[in-house]
Every structure is written in structure tokens, then in C-alpha cells.
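We name chains A, B, ... by the order of the sequence lines, and we start the count at 1 in each one.
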Number of protein chains: 4
Amino acid sequence: MAGNSFGTLFKLTTFGESHGEAIGGIIDGCPAGLKIDYEAITSEMNRRKPGQSMITTQRKEEDEVRFLSGIFEGKTTGTPIGFVIENTNQKSKDYSHIKEVYRPSHADFTYDKKYGHRDYRGGGRTSARETACRVAAGAIAKQLIKDIKITAFVSSVGDIYIDKPYQELDFSKIENNIVRCPDEAIATKMISRIEAIKKEGDTIGGTVMCVLQNVPIGLGEPVFDKLHAQLGKAMLSINAVKGFEYGAGFCATSMKGSEHNDIFNEDGTTKTNLSGGIQGGISNGMDIYFRVAFKPVATIMQKQQTLDANGNIIEIQGKGRHDPCVVPRAVPIVEAMAALVLADFVLLNKVAKMR
Amino acid sequence: MAGNSFGTLFKLTTFGESHGEAIGGIIDGCPAGLKIDYEAITSEMNRRKPGQSMITTQRKEEDEVRFLSGIFEGKTTGTPIGFVIENTNQKSKDYSHIKEVYRPSHADFTYDKKYGHRDYRGGGRTSARETACRVAAGAIAKQLIKDIKITAFVSSVGDIYIDKPYQELDFSKIENNIVRCPDEAIATKMISRIEAIKKEGDTIGGTVMCVLQNVPIGLGEPVFDKLHAQLGKAMLSINAVKGFEYGAGFCATSMKGSEHNDIFNEDGTTKTNLSGGIQGGISNGMDIYFRVAFKPVATIMQKQQTLDANGNIIEIQGKGRHDPCVVPRAVPIVEAMAALVLADFVLLNKVAKMR
Amino acid sequence: MAGNSFGTLFKLTTFGESHGEAIGGIIDGCPAGLKIDYEAITSEMNRRKPGQSMITTQRKEEDEVRFLSGIFEGKTTGTPIGFVIENTNQKSKDYSHIKEVYRPSHADFTYDKKYGHRDYRGGGRTSARETACRVAAGAIAKQLIKDIKITAFVSSVGDIYIDKPYQELDFSKIENNIVRCPDEAIATKMISRIEAIKKEGDTIGGTVMCVLQNVPIGLGEPVFDKLHAQLGKAMLSINAVKGFEYGAGFCATSMKGSEHNDIFNEDGTTKTNLSGGIQGGISNGMDIYFRVAFKPVATIMQKQQTLDANGNIIEIQGKGRHDPCVVPRAVPIVEAMAALVLADFVLLNKVAKMR
Amino acid sequence: MAGNSFGTLFKLTTFGESHGEAIGGIIDGCPAGLKIDYEAITSEMNRRKPGQSMITTQRKEEDEVRFLSGIFEGKTTGTPIGFVIENTNQKSKDYSHIKEVYRPSHADFTYDKKYGHRDYRGGGRTSARETACRVAAGAIAKQLIKDIKITAFVSSVGDIYIDKPYQELDFSKIENNIVRCPDEAIATKMISRIEAIKKEGDTIGGTVMCVLQNVPIGLGEPVFDKLHAQLGKAMLSINAVKGFEYGAGFCATSMKGSEHNDIFNEDGTTKTNLSGGIQGGISNGMDIYFRVAFKPVATIMQKQQTLDANGNIIEIQGKGRHDPCVVPRAVPIVEAMAALVLADFVLLNKVAKMR
């Protein structure tokens, strides 16, 4: 099974290259009768789209989602929801210089070796443009599970990070700044850092934290499709992601059981939540929180040596308009993937027991 | 789809509770004609089994795998390989005290809420006993992809960690000590630490590192089933895992692109390997390496307050024989899950392009 | 994906060869809290088992199902239900004569060519013994959907057939005779026919009709997983099946629309039911009925020329104890596969629309 | 899993309603490097499209397939192939009269009950327009398995049928007449029959036969995904299909084993082929042949009583342009579905054994 489908009951399949005619997808399995809020979809698309601020790529794309089926008179019909997003900004000439070049830490080399024939223009299928389809589908998933609050934000850029637990942050401030960090002082530092990096012609990594609130108890399908395992896969499938941790995460490895265990209250909640809202792969009703690690974007505006398809070492330099730091635009993508995971598990959980 | 299957072409489905009659599984999709090395399977089972050393649980189980089908005259036939492992060590009485108790940071509470009816004996399906089936199946997967070298080891216990790149380690020493750490000096410290923790009646977390060598170029199925996304899911599905990172992992988030990019050599290898052997979700032929974070075992021999099914706060204390630290026995499980992922992708890759 | 799994949410995976140690399976996705009626399972197994009457094979097998997991204190727990059926009647020596022989119209030749290595004893995986697992799982599926009445019976043996619509038959008489035909006069003729065929050392084909009553409206998942498409696949996957038709079936091909259309009553039922209870791949609440065509068993007690693995034409003659006509024992298998299909669609339908 | 995907490795997912903006699909898993013959695709689309002759619907639709991804410089890249077919002939007003009407033997009633909300225009998702996507994808599948010859033709219309084995037919004549019957005398009768039926304002059923030649030995994945089981499902998923049989089919039920068994030749071929090219669910290298039963189209130009959504019996009469007999246009659809099945099994068979 080629890997362009995600989910079991609420299932997204996507297609499209950055410089082909269009990208798009099919959502199969969305229950009938869901009222679609198109403005909410547009809003999510705008959070992801390029050219939105000084610290993202300056490429302009409207990313308008055209729904072709599955919605009638404003509500889903239970039939598959097909959608396309036209590639209005294709400039194939920009990319002729990389036709036979394997850029360092890009997927040019691996795609060429695996498939033998690739669309080299702008990264083709490997471009993060593909994630626009995830955001569109995730926006519908969010509407299906509207009682769950999904909030992602930038928790670090390079070595600048938020030094507080998420409970002390004001999530309403996330969209107040272009880096999408709810701590304004830290946000200012992050923005300066990205601007400095951009001037160097370099790029920088960062992390996105995501908090899922008001999650019903019971989501997740052990033993392989545990809730955090599927969240992890979802996040790791996003371009440039190098790591995933939930709850206490890697910090848990240096803790004792007596420190790490979450003691129950009488109502089934827990006094602490180092577990991150999941026990045995199933949500326990507490907040779920996780961190996603993004590497620095591979395309830099500095000269680098690299390899061409003929085995020669050559010198290249990034052209065009690229993100100096990917995390601000990654925030809605992380949320979208979380929504897809949760929507699927909400549906799957409806058949967990006799009713 | 209840989540007890893993893989697309090389597919494992497992069943079994810790205190039921038996656990077992079915491997469907193993190609015909593979000669089975039963000793190698037993050897892997022994690396996982309880009671193997002073720093693991003292519970004794033989974990003998009985193959029921799919192998004839020592070779696979292409039909499903059914196997069972009898539960010879069931002592149901040991567990009557937890029948109506939700132990802290266990899955008792979530299973009860999700399913309404559970086998409470010894954790039932949530027991790590389930991983014995993963190891059995992984041992066959290893034989299918025998050119790939899969090596896991304990890289940290609590705050004691190996302070060298894996390239400087001698993997042949991993099995020389009971903690499965290739650095002997560090191993000694780790063992002392675990013994001290055990005396306290407490538990401690740790990390397992895994290195995949001689991986063919081309494994992985973007955009959702990227090699590292599937590896991440595989690892996160193991009991007690809280995090996964590959290549530079979380460290990549504070790096610049100019530092993180791996520059090519003429032969397609790279001078550095911060990418961790995967570009765009596809193996590039370099070593793949990743780290898996394990929390401290939740069952401790100290008194803790907890909740019972009637909403009362009660006091409990762990009984029986539990691991003070899970990572030594997790090593073969990590390898097994890696083998399952790789075997599946090796088969999937056979149809990636026209030949 | 090797093809030993059936179903999406209520999913059966089976293993086992006729002369291996055991056959068995895993049911994943059965909701928790289902009370299991073991006697009902045994009863279904007995309807399928060999040696049950003079017109079936005289081979004796007890076909006792041993459940290993997923059921606790008599109720399902939501975890996978593993089960095995030991092969108590293995007589490998009986089959040494066919080790290198491709029997006519058996799968010896195709298995050898596809897999290169096969368990030739008694047909191995191709033996209808495999269907015992389907019956065991189907018996549980029946309990999950106990409001639906599933009734199969023998509708023809050779050219002897029931010459009435099913509505005129008394289903309570099906188990009154060994051929499982509710029309007693016809049943007597069928039995005589089979006995005569058996004396000739020959075999004969037949059909099984199945009626599904009290099916809820809404089952089926168009456009590919239509209810009748999945029923058809289920039936065609049974050994020796050559055809499937539902409703008016092949007769519909010579009808006019004005004759074939089912006119509605005010309550949504229809005056006729040539559609067979399914419109557009979705159940409409009327009876679903279909016919399944079984070929004559390929193993005959007469001399036949055939091919061996070395390319020589040789003469063989069936040995052992085989069914002269497969349809009496096929009745519970048809019901079991129908139950598996319905159970899966009942679960899938729970997420068809917002509630 | 909503049922709009077909196949495991070569997988088609479709979307679209007859009167929405567009229909389309995604082919995931087509190997890279396949040269695409666009004219061949157009040719298949033209064989299916409405308005092609006097005996089909007079509706005009161009059915132009616009490929959006997965093909670059004329060859597949291994990434998903997205395509859309615009609905240029939407005339929603035509259908307002059926908004609250359940037409007899249509899926209006079942869709309304299952989903609660439906696109009633022109049948919406239940329209056979959906099959255009199958033909587009099947045309690519055919190119992938170009050594296999797939030939379907009309074998009967009402009670007029070809009275010869397929071996005596000249397949090159199939496209010589508008009914797609290779026997010219019979074709003439069929056409007259359809014209007469059309004048009556009625419709008529028929059968399509399909022959698969030069199929490699080894296709099919027992025990559930047998080649004929998957072919059966594929055919039964096509609109208006009521039955499927392969090889001797229902005729086999009245045969003896001694008559039905196919005796081998020395080269592994068989003297007869009543088995229809499949043994044990796996192709044996002989011709595969099967028959598909189509009911008469439900929309007739005569007055009929029916039910509306308010529970009233009303009178309706078909309007617009409908097929009096569906089989001529079903021929390319049957071929397309056969191609999808075969392409998937060809890929799956590449991993059946060690090489």
C-alpha cells in the first residue's frame, strides 16, 4: 500500500506535487449530517499559507480549497469529500537548475533511487506544499470533534524556548504574533532570532507543542494503534520532523516511578499529569500534550557543495523564497494531524463495547 | 479496526492476556521459502523473558513459542504462521487484590472506562507480556531481512548515560552484561543504580538506542507511511514508551541548516549523518539510528494512594515480582519492532517501480 | 497483504493447514461486553464437522474450539479473541502418495507454482478444514447480531432442486434431514442421489440458498463495499464455490424494468422483492436472499490421469474419506460468512451519520 | 472504513456525485516508470460515455479526464495519481421533481435512511456516472499489466444470448456494433430488442462475459482474497449487477466430479477448462472467464406508483435520458474492474516467495 492514506474510519488520501497542476485529496468516512463551516477552513488554510509574514517564505499562494463532492446544501452526505487546491504559483523555470542535482538533506537523492523517475520541480511530492491538504482535511476533522480543543504553538526556536508549563500560558495570544508563541516576550526574541538567521542566509529549527483538551475518555486502540503511537506517527509524517514526545517524554527517563506516577483524585482525574493524558494507549480524560521537533529547513541561501545525478560534486546555492524557520507555519499542520487522529479514534471508539 | 495488527504486507496480528490460557499471533504475508532458524527465535525470546537476571523481574516464564502452521519441513510456505506461547505462570490469586483497584499510571482505569469489562489479572492485555509475541514475530522478520543489521542497546538509565557516539561503541559487548549497555564502565554504574532503586522499592526510567545498518536505499512510503513515522509508531506502541527521536532528533531543533545539512560524498554517502539515514521518509543507505524513551515502571513496592472502582481513595502497595527498570528487557523488543517495520517496507519497496 | 484476514471492524484472521498441529484464528474488533454462548458455538461446529452422517466424509474430527483470550468471566473484553482447533486426526502417511502429484482440479499445481514450497499433506491450507475457523468466528458474529436471522439450506443437489420460493418453506425442518433441505420430499431425493453418486466413486455439485431476515436498514458501504459485493466475496472465498447471485440474480437479466422494479408500500417495504433486500449496495429492510453455487468435489474414487511435479502423466485414484457432495456441510459455512459480513457492516454503520 | 477504496497495493479511491462539480479519484500505488498512453485512456472513456449510440442514453458528456499529479514527462513517478472529470452536463432543475421521491428499485430510500441527508440530483453518488472513474483508473491498470488480454462483451440481452463457447467468437468484432456483441447475427437481434424496449418506455437486463487471457500463474491471495472472490466483489460492486459466476459457474452444480475435473496435459495446461483458469483461488495459466448479470435499469418511461419521503404513495414517470439497456456501456466497466483486480494481484504476487 503506497502510503498516501491516513486513518481507518475517517480516512484522508492525498495527491499532488508542488508544481503539478493541483494538489488535493479525498476524505472518506466523514459521517453524514456534519454542517461545514467554510470560513473556519479558510482560516486554517491562511494560517499555513506561505507569504503570511516577514519570517516565512515570501512565496504567494492563495491555497483556495475547492470542494467537489460529499457536501450538499452545506452538510456532509456521507459520501467521499473530494477537494482540490490549484497550484497557481507554478514557476517551473525556477527549478531547472536542480533537475539533476541532489540537494543536501533533501529527498532528491532518495526519491530518485526509489522511484527512478521524479518530478524535480520545487521538490515535487516532497514539498511541504503537500501539507495544505492535511490542513484542509484537518479543518473538517476539527468540526467533527468540535468539543475537543486542539491548541498548538511554537515552544522553541533554536535555543530560545518557553520556560513555563503550558498551564501558565494564555493560548488566546498565540495568533497575536507572527511566530505563534503565546509568551509575548519570548515571541519577540524568537522573531529577532529568525530575522537574524534569515539575514545570514541560514535556517533554524524549533519545536511545536500541542495540547488537546476536553478529550473524551477511551480514545485509542491498543496494542499497536495506541493513541500516542498514532499521534506520533501523524507528527513524524510531517516534513522536517525529527522527534516526538508526550507527557513527561524524554524527561521521564530520568525519573523514578514514585515521582512519575500520577496519583488519582476521587473523580478519576489525577493530581499530576506526567502521563500526558494517556494510559495504556487510551485517553484518560486529562489534557494530552506533546512536543514535536522540527529540524532546520535544508534549503539555505549559502553556498554548499553537493552531488549531481552524474556523480559529480558541484556547488549550489538556494534560490527562491524559502522559510528560514518552519515552526510558525507548522502550528496549524500539527493541529490538523492531531484532529485527523482524534476524529478517527472518536469514530472507532463508538464500537468498543456493547451499548 | 481494533488495533492488534501491525504491517501491511508482512503483517502481525497478536492476541492474549498475561493470565489467560495463552498469548500468540499470526504472521500473514511472510514470503514462502524462508528457512526458519528456531534457535535464533529462542535466543531472542530468552533476551526478553522475565527472570533472566538480578535486575529484572524474578518471575519465571519459559516463553516457548509453539508454531502451528505456515512452516513445513523447516521452511515457510507462504501461508499464515500461527503461533502460541502458553501462560505457564498464571497465578490468578496474586491479583485478586487489584480486581477493583485502579493502580496509579496503569491502564486499569482507561480499560475499564473504554471496554466496561476487563481481565484485571496481572494487567491482562496491558501487560508487557504481550510483547513476547512481538519478539517471536520480529525474530522471523530478522531472518527475512538478514542482510540488515539491527542493534539496540541501553543508552541511559536514569541520569546515567553513554557519553559517546554509537560509532565508538563495541556492539559485541552488549550482551556481556545484564543491563545490555556496550560501554562496560557505564554498564556497571547502571546496574548499581538499578539495584539501589530496587532496594528502595522504586523504579527508574531509561532510553534504548537502536542502530540499523546496511539498510537498502529506498525503504519508506511517503507521505504518511514515512520510514521514520512507521518506526516511531512501532516504538511508541511498546509499553512504557514516552518519546522517539531519530538522527539529530530534538537536538536538531537548536541547530542551523548550515550545521545540520549532511554534505554528500561522490558515492552518494554523506560526510555527516545528522539526518539519521532517512531523507523525505525514505532510507538513503546511511545508518539509521533512533532513541526510545521509557518511563519508570508504574508498579512500585512503596505505599501509594489510589482509587478503586467505587470511587474510594485507598492505599496500595505493589506485590509480586516486577522490573525495577524496563530497559534491559526492552532491548530485544525494540529490535523486534524495528525488524517488523523493515521487513514490511522491504516487501513494499519491491513494487515501487517498473522493473 | 496476504489474504487471510476478512472484515474491517469485526475482523477475522485465520491460520492453519489440515495436517499441521492446529488451525485457528484471531477475531479482532468484537465489542466488549458480549456474553458468549459456548453451546451455540459447539452446535455450529457440529453442523460443519466431518463424519456427521452417511453422506459426508467419514473422517472423524472433534473440532473443539479452544478460546485463549478476549473472553473473561463469560463475556468479551474488547481485546482480540484468539482460538485454536487442534488437528487430532493427522495421518500424514495417508498423503505421501500425493507429495509430488498435482491432482486434477485441486490447487496442488497453483500452490506449488505460486509459493514454490507447500504442505502437501491433505491439501494443507487449501483443505476445507480451514473453514472450521470461519464457522467458529461466525458463531460469535451471530451472537453479536442476534436480532438478524440467518438461514441457509441446500437448494439443489445436481439437477434435483427445490421448486418453490423460500417463503413457502418451513425453515424449522432444515436440520431434520442429513442433507439440510427443508422440503422433505426433495431432501429424500437428494440423499438418494448423493448415495448413488458415492457408490459410483464420484461426486456431485449443488447450491446453497441463504436468507437473511430482520436485517436493519442501512447496512453496506458503497461504492465498492456494497453489501452484496461483500457477501459475494465472502461466499466466493469458500472452497468449491463457482457462483453467487442475489435477489432475482441471473433471472433478472431476461426481465424488463417494469417487471423487475419493486413497488413500495406506504411503510417503506415493497410489494415484491426481486431486488433481494438491497438497493444501491445498502440493505432496505426486506429479506436478503442469495444463492451460492458449489462445484462437485474434485477428489473422486475413480482412476484419473494426472500430472506429477516432474512433468509425467500418471494415474491416480482418490483415497481416504471425502465428501461425495459438499453442500450439506457447506450450509453452516455459508451462514458463518454471512454473519461475518453482517457483523462488520452493523459496526461500520454506527458511524454513517451524526447522532 | 467507508467503502470508496478498492485494492491493496494498486489502490483506487473515488469521489463524486453525478450533479456535483466533478467526479474523480486517486490511484495510489502505481509503480513508477510506467509510460502513460493517454489516447488509450480516452478510448476507454469513449466506450463508456453516454450518448455514444442510439441504444444508450442520449445524454452528452465528454468525460475528459484531467490528470493532476503522479505523472511527469509522460511517465508515472510512483506518487499518487489524482484525476478529475468535470460534470459539464449538470442540469439540477431536471431533478427537482425527485427531491422527496423514493423511486422504485433505486437507492433513494436506502441512502436517505442510512445517511439522513443526500444529494438527490440525478442519483448523486448512486449514479452510474461514478463508474467513469473506474474506467479511467482501469485504463491505467491495463497499461501496467499490458501482457494480459482483457476482453469483455455482451453475451445476452434479455433472452437473446450467444449460443457458442467464447473460443468460437471473433473478439475483433466486438466494437463493430453498438451493442458490443462479437456475433453479428446475435448483435442485430439484440439491437432490435433494445430498440423495441426503448419504444415501450421500458428497459431490459443482460449479461456481460469477460475473458482474461495470458494471465500469469500465481495470481490470487487465499484464503479470503482468492482471485475469483476479488473478481466477484469487483463485478458485484458495479451498478445493477445481480450475479457473478466463473468457469462452469452455476452449471457446475449439476455436474459430477468426473465430468467437471480438468485433466492435465504434460505442460501443466489442462485439456478442458471448466475451472475457469483458477484453482484454489490462484490463477493456473489457463483462460479466466466469467459472466456478470445486470438487471434492467430501474428508471423507466412508464408511469409507476411509488413512495415519497412523507409516506405518501404518488405516481411518477421517468424523465430525461436513460439507458434502455445497460450492458453495452457496461463492457468497458467490467474490463476496468478486472484490470484493477489483476494489477493489484500482479503486484501482490511479487512478494509471494523468496527470490
- Answer yes or no: is there an ion pair linking A:Asp225 with B:Lys233, defined by an N-O contact shorter than 4.0 Å?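 Here A:Asp225 pairs with B:Lys233 in a salt bridge, since their nearest N and O are under 4.0 Å apart.
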- Between B:Glu17 and B:Arg129, is there a salt bridge with N-O shorter than 4.0 Å?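 Looking at B:Arg129 and B:Glu17, the cut-off is not met.
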- Query: Of all of A:Gly280, A:Gly218, A:Ser283, which one pairs up most often with chain B through heavy atoms under 4.5 Å apart?
  - Reply: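 Counting heavy-atom pairs under 4.5 Å, the top option is A:Gly218.
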Does either side chain, that of [X] or that of [Y], offer a donor lying less than 3.5 Å from an acceptor on the other one?
{"X": "A:Asn284", "Y": "B:Thr110", "value": "no"}
{"X": "A:Thr14", "Y": "A:Arg125", "value": "yes"}
{"X": "B:Thr126", "Y": "B:Arg118", "value": "no"}

Less than 4.5 Å to any heavy atom of chain B: does that hold for the side chain of [X], its backbone, both, or neither?
{"X": "A:Leu227", "answer": "neither"}
{"X": "A:Ile217", "answer": "side chain"}
{"X": "A:Ile300", "answer": "side chain"}
{"X": "A:Val223", "answer": "both"}

- State whether the side chain of A:Asp323 and the backbone N or O of A:Val326 hold a donor-acceptor pair below 3.5 Å, judged by distance alone. no
- Item | Sidechain-backbone polar pair: A:Ser237 side chain, B:Ala229 backbone, donor-acceptor under 3.5 Å | no
Is [X] in contact with chain A via its backbone, its side chain, both, or neither, using a 4.5 Å heavy-atom distance?
{"X": "B:Arg103", "answer": "backbone"}
{"X": "B:Gln302", "answer": "side chain"}
{"X": "B:Met354", "answer": "neither"}
{"X": "B:Tyr161", "answer": "neither"}
{"X": "B:Ile197", "answer": "side chain"}
{"X": "B:Glu200", "answer": "side chain"}
{"X": "B:Asn261", "answer": "both"}
{"X": "B:Leu231", "answer": "neither"}

- Query: B:Val157 versus B:Val327: any side-chain heavy-atom pair under 4.5 Å?
  - Reply: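 Yes - at least one pair of side-chain heavy atoms lies under 4.5 Å apart.
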- Who wins among B:Phe6, B:Phe250, B:Tyr111 for the most heavy-atom pairs under 4.5 Å with chain A?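 The option with the most such pairs is B:Phe250.
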- Test salt bridge (charged side-chain N to carboxylate O under 4.0 Å, His left out) on A:Glu221 and B:Lys114 and set out the steps. CA-CA 10 Å; A:Glu221 301 291 327; B:Lys114 182 179 181 74; 3.0 Å; yes
